[in-house]
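To start, the structure under review is shown below, and the notes come after it.
Any value given below was found using the heavy atoms of this structure, including those in side chains, with hydrogens, waters and symmetry copies removed. What you are looking at is a predicted structure, and each value in this text was computed from that prediction instead of being measured.
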Amino acid sequence: MEWFYNLEGWQQALIATSFTWALTALGALPVFFCKSVSKSAFSLMMSSAAGIMLASTFFSLLMPALETGVDYAFLVLTSGFILGGLLIIVTDIVTDKLRIFNGNAKKKSCAVMCIAVTMHNIPEGLAVGVAFGALAAGSGVGAVAAVMLAVGIGIQNFPEGMCVAFPLRANGMGRFKSFFVGQLSGAVEIVAGVIGALAVTFASGILPWALSFSAGAMVAVVCSELIPESFSEGKIKATVGVIFGFALMMILDVAFG
């Protein structure tokens, strides 16, 4: 791994976000073999992703943001968190007002999921990029923490690829197009990651803002999309999934972070 840490920050971010995108594409890949997954399995995947994202919010995003030692941390983290949440809320409101989906609840639901997942992947990619940019610049972010942030986001990207591709396929979209849209939702992380790594070179103070912003976006997506979808099929299985996902991400962050 020494060769990796010797790369420029933007190159590390490029590789890390390519990994997170690859897991999104891997999650969308099964759409070529089946048109849908069972409601029970889908609910478990969604709830597990929710647990992973909730744990990542604290262990991989807010804690590293706090540890940067920024002045008025309570204000910076709170502001970034609220702005991240507002991004997803505004996205939902705008999508809800799109008249093109009037009278077609399924298509509207698909559109909301696609846009919400894609939009929240932007701050996630930015957070990964800024973390590696800060690592390369020696700004206080640990190597393991940066890697585990990318791993954690990558893990929760896998069911996200399915969450986008399968509803599209179930609504009549072709296999290739469903896969293409599903993986595309994660491809935005690559662009955002490189931008984040380059940005921290010129403004290292963006790190706590970017991390807390991503945390807010994560919580908003979990509350507006993942939790309602997973718990609609039964709260016991969904609760097990959330606990499992949270515990998995907590183990990764605490043991290796």
Minimum-distance pair of heavy atoms, taken over all atoms of [X] and [Y]:
X	Y	result
Ser178	Val31	CB-CG2, 4.0 Å
Gly80	Ser212	CA-OG, 3.4 Å
Ala50	Val242	CB-CG2, 4.4 Å
Ser48	Phe244	OG-CD2, 3.9 Å
Ala197	Ala13	CB-CB, 3.8 Å
Gly196	Leu126	CA-CD1, 3.3 Å

**OP:** Would you mind telling me which of Ile82, Leu87, Leu86, Ile122 makes a side chain to side chain contact (heavy atoms under 4.5 Å, CB included) with Phe213?
**Re:**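 Result for side chain to side chain contact (heavy atoms under 4.5 Å, CB included) with Phe213: Leu87.
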
To the nearest 0.5 Å, what is the distance between [atom1] ([X]) and [atom2] ([Y])?
X	Y	atom1	atom2	value
Leu54	Met250	CG	CE	12.0 Å
Ile15	Ile190	CD1	CD1	11.5 Å
Leu14	Glu8	CG	CD	12.5 Å
Leu83	Ile89	CG	CD1	11.0 Å
Phe231	Ile236	CZ	CD1	10.5 Å
Thr78	Leu62	OG1	CG	9.0 Å

Original post:
Just wondering, more than 12 heavy atoms not from Leu75 lying within 6.0 Å of its CG?
Top reply: yes

**OP:** Look at atom CZ of Phe19 and say whether more than 12 heavy atoms of other residues, nucleotides or ligands are closer to it than 6.0 Å.
**Re:**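 Enclosed: over 12 neighbouring heavy atoms sit under 6.0 Å from CZ of Phe19.
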
Original post:
side chain to side chain contact (heavy atoms under 4.5 Å, CB included) between Trp10 and Phe132: does it pass, once the steps are laid out?
Top reply: CA-CA 7 Å; Trp10 71 268; Phe132 279 101; over 6 Å; no

Cluster link [X] to [Y], ILVMFWY, side chain under 4.5 Å:
X	Y	result
Ile195	Val128	no
Val76	Phe74	no
Leu23	Val191	no
Leu29	Phe176	yes

Original post:
After noting the C-alpha distance and the side-chain angles of Ile243 and Val240, does the key distance pass the side chain to side chain contact (heavy atoms under 4.5 Å, CB included) rule?
Top reply: CA-CA 5 Å; Ile243 293 174; Val240 169; 5.9 Å; no

**OP:** Among residues two or more places apart or on two chains, list those pairs meeting side chain to side chain donor-acceptor pair (under 3.5 Å) that have a residue in residues 16-34.
**Re:** Thr20-Glu189, Trp21-Gln183, Thr24-Asn157

**OP:** For side chain to side chain contact (heavy atoms under 4.5 Å, CB included), just list the numbers for Trp209 and Ser79, CA-CA rounded to whole Å, side-chain angles, deciding distance to a tenth of an Å, and then say yes or no.
**Re:** CA-CA 8 Å; Trp209 286 95; Ser79 299; 3.6 Å; yes

